[in-house]
Structure formats: structure tokens, C-alpha cells
**Student:** 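Take a look at this one; I'll ask things after.
Treat the numbers as computed from the prediction; the structure is a model and nothing was measured. One-based numbering along the sequence shown.
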Amino acid sequence: MTVLWENIILFGIALVAAWFAASAIFAVARRILRNGDDFWKNLVAQTRMPVRLAILIASVSFAANFATLPAQQGGLIRHLLLIAFIACLTLIARAALNIWMSLHLRRYRIDVDDNLMARKHVTQSRILQRVGGVLIIAIGTSAALMTIESVRQYGVSLLASAGAAGIVVGLALQPLLKNLFAGIQLALTQPIRIDDAVIVEGEWGNIEEINGTYVVIRIWDKRRLVVPLNYFIEQPFQNWTRSDSTLLGTVMIYVDYRAPVEEMRAEARRIVEASPLWDRDVFVLQVTDFRENVVEIRILASARSAPRAFDLRCEIREKLLTWLQQSGHAAMPRVRAEIAA
């Protein structure tokens, strides 16, 4: 009983010492990086778990060398330390992947108007990061299970007799695997990217997240639309920023046949040129159709992004309507009737 309590106290001291050592290390790191860059703070957060586990493994291994343990208990502890070491390597590999991705993406900003290249890299990197994280966890879990004799033999026999069971598992995992391969295809072909302006299921919004199996779209009214990854491979959708974020805003106006088109064109040009939303690229006013009682006039004006194009369209409508009301021209649509005596 004395030897048992000595071992309990020894391992207890090892666990407490490992916990305080890890806490002290991260406390010092937080104090040093109190006013530092967000990247270094994120680096400390990414390495917290693997560092704690590594210190814990080292401390328990040190205590095991001084503990008086029977052969069976010593073998069990060494086996648990081996599994913990594999888990630590898995966490280190995943943290290294996340840190490398953070370093890679620091060069790209998506909060600017011309962010096409940045969105390409961010989208591709985040999808591959998630796929890589899944593979690292799968490899680490497999390595840990292979250290257990009974599970290893079961895995070999299951692999040798994989018939109906493999078909059932394949069918059960079909939606997951389908979205996983769709994610890899999205990363390579990039029909969508982070912050792309898209229309999906009749809803306009921006791509907010691309996860392992689904995509989150931020709708213009702050709702969120969650769509499976394979939707963007199998279904048609509109991508307004596929190759360029610049868009043409369209304003349709219906006026009377006596409306002064040249004066409307000059006024519309003045409104557009005075607006900070216009990118100084495209402006045109054209008569696009004749109808029974009205003339259809279309105004095209370009902007650097979809939100700016929408605001520019609203500004053109509002100011042109005010001009039509105040100009005294007989431009408002009217219905004419002839009364025969």
C-alpha cells in the first residue's frame, strides 16, 4: 500500500507540475504579446494544446522512471504515453498546417475593392487546410489504433473481408464523401471564392464561409443561407464576381414619348459623374424599347463592387426622378384619350 501511495503522489506531483509549467509559459507569452501583432497571439493560441500535452508527456515519463511499478502497470503507462505522443504529433502537425496557412494568407487582403487575387488564394487555402486537417487527424487516429493489438488484428481482418460491409459503409458515407470531393474540386477550379457576390436559390449574398461539407452565404439582409458543397458543382448559380468585382448597374425608366432624351442623358451623366460610387468606366443612356404608352430608357453605370453598384442605381433613380419632377418637362407617363363628338 505504501508503494501504491508513493506512485500516486509521484504522478500527481508530475501532473500538477506539468500544468503549472504550461500555465507559466503561456502567461509569460501573453504578457510579452499583450500589445503585439494578432498573428503572434494566434500562434500562441494554436500551440497551446500541443505544448501542454508535450509538457505533460515529458513530466509523466520522468515520473515513470522513478516510480516502482509492476511490469503490467509499467507496460500500460508506456502504451498510454505512446498514444499520447502520437496525439501530440498529430496536434503539432495540425498546428503547423494552420500556422503555415496564416503566414501564407497574411499577404492577401479581402477588405479592399480589387481583391480578386486575394479571394482566390483565401478560398483555395482554406479548403485545402480543412482537407489537410481531416487527413492529419485520420492518420494520427490510425497510428494510435495500430498500437493496440486487438484493434490492429480486427482492422486487418475487416480489410481482408471487405465485401458487403464495405458497400454498406460506402453507401452510408456517400453524402459526406460526395461533399468532400466537391470541396477538393472547388479548391482546384474555384467556381466560388470567399466574399464572392452570388445569387443562389433566388437569394443575393456574399460567400462567407466554405467548410468541409457546406457553404455559408451571407444574404444582403443579414440572413444566412447554408448550401451543400456539391450544389455548386451540380446546380447552376450566378457569380457576379467570378473574374472581376466590377459590375454594371442597370436603371430602367419609363417616360412619355415627349420626354427630352438628350437633356435626360446630360442630366444622368452629371449625376453619375458627381457620384463617388461611379468608377469612371462605363456610362450610357439609351432608348431600348417603344411600348404602347411609354418609352423605355435604360441607363448603365459601372461600379467597383456589387454593393456600390446597387447604391449607385438607387442614387440615379432618386436624383433623376427629382429632376424630372422639377424640370417642367412633360416626361411623366400619361394616358391619352380622344373624345369624338
**Student:** Is there a side-chain contact between Y231 and V200 in this structure, where contact means two heavy atoms from C-beta onward sitting under 4.5 Å apart?
**Tutor:**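 Yes, at least one pair of side-chain atoms sits under 4.5 Å.
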
**Student:** Determine whether W19 and R52 make a side-chain contact, defined as any pair of heavy atoms from C-beta on separated by less than 4.5 Å.
**Tutor:**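 Yes, at least one pair of side-chain atoms sits under 4.5 Å.
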
**Student:** List the atom pairs, with distances to 0.1 Å, where a side-chain N or O of residues 310-318 and a protein N or O form a donor-acceptor pair under 3.5 Å, not counting sequence neighbours.
**Tutor:**
{"unit_1": "R313", "atom_1": "NE", "unit_2": "T250", "atom_2": "O", "d": "3.0"}
{"unit_1": "E315", "atom_1": "OE1", "unit_2": "S275", "atom_2": "OG", "d": "2.9"}
{"unit_1": "E315", "atom_1": "OE2", "unit_2": "K319", "atom_2": "NZ", "d": "3.0"}

**Student:** Taking atom types as modelled, find out whether E209 and Y214 have a side-chain donor-acceptor pair closer than 3.5 angstrom.
**Tutor:**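 Short answer, no.
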
**Student:** So does E273 get a backbone contact from the side chain of R280, meaning a donor-acceptor N/O pair under 3.5 Å?
**Tutor:**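 Between the backbone of E273 and the side chain of R280 there is a qualifying donor-acceptor contact (under 3.5 Å).
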
**Student:** Using a 4.5 Å cut-off on heavy atoms from C-beta on, say whether the side chain of L320 contacts that of V251.
**Tutor:**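 No - every pair of side-chain heavy atoms lies 4.5 Å or more apart.
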
**Student:** Just do the side chain to side chain contact (heavy atoms under 4.5 Å, CB included) check on I210 and V216 with the steps written out, would you?
**Tutor:** CA-CA 7 Å; I210 301 179; V216 179; over 6 Å; no

**Student:** In the structure I gave you, are the side-chain heavy atoms of E263 and W323 within less than 4.5 Å of one another anywhere?
**Tutor:**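 Touching, per the 4.5 Å side-chain cut-off.
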
**Student:** Take atom CZ in F20; do more than 12 heavy atoms of anything else shown fall under 6.0 Å from it?
**Tutor:**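 Atom CZ in F20 is not crowded, with 12 or fewer foreign heavy atoms closer than 6.0 Å.
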
**Student:** Mind checking whether I136 and L97 have side chains closer than 4.5 Å, heavy atoms only?
**Tutor:**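 Yes - at least one pair of side-chain heavy atoms lies under 4.5 Å apart.
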
**Student:** Answer whether the closest heavy-atom distance between the side chains of V287 and F290 falls below 4.5 Å.
**Tutor:**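 Yes, their side chains come closer than 4.5 Å.
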
**Student:** Do R193 and D195 meet the salt-bridge criterion of a basic N to acidic O distance under 4.0 Å?
**Tutor:**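 Salt bridge between D195 and R193, a charged N being under 4.0 Å from a carboxylate O: no.
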
**Student:** Establish whether V261 and V294 are linked, either directly or via other cluster members, by ILVMFWY side-chain heavy-atom contacts under 4.5 Å.
**Tutor:**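 Hydrophobic grouping puts V261 apart from V294.
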
**Student:** Please find the pair of heavy atoms, one from S302 and one from W278, that lie closest to each other, and give the distance.
**Tutor:**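 That closest heavy-atom pairing would be O-CD1, 3.0 Å.
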
**Student:** Give the cluster check for L285 versus L248: same hydrophobic cluster or not, with ILVMFWY residues linked at side-chain heavy-atom distances below 4.5 Å.
**Tutor:**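 No.
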
**Student:** Would a hydrophobic clustering, with Ile, Leu, Val, Met, Phe, Trp and Tyr connected at side-chain separations under 4.5 Å, put L300 with F283?
**Tutor:**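 The answer is no; the residues belong to distinct hydrophobic clusters.
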
**Student:** Do F237 and P191 have side chains that approach each other closer than 4.5 Å (heavy atoms only, starting at C-beta)?
**Tutor:**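 In contact.
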
**Student:** Find out if a path of hydrophobic residues (ILVMFWY) with successive side-chain heavy-atom gaps under 4.5 Å connects I271 to L321.
**Tutor:**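 Yes, I271 connects to L321 through the hydrophobic network.
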
**Student:** Is it the case that the side chain of D196 and the backbone of N206 share a donor-acceptor pair, with hydrogens and angles ignored and the cut-off at 3.5 Å?
**Tutor:**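 No: the side chain of D196 does not pair with the backbone of N206.
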
**Student:** With a 4.5 Å limit on heavy-atom distance, are the side chains of T288 and I297 in contact?
**Tutor:**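 With C-beta onward as the side chain, the pair stays apart.
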
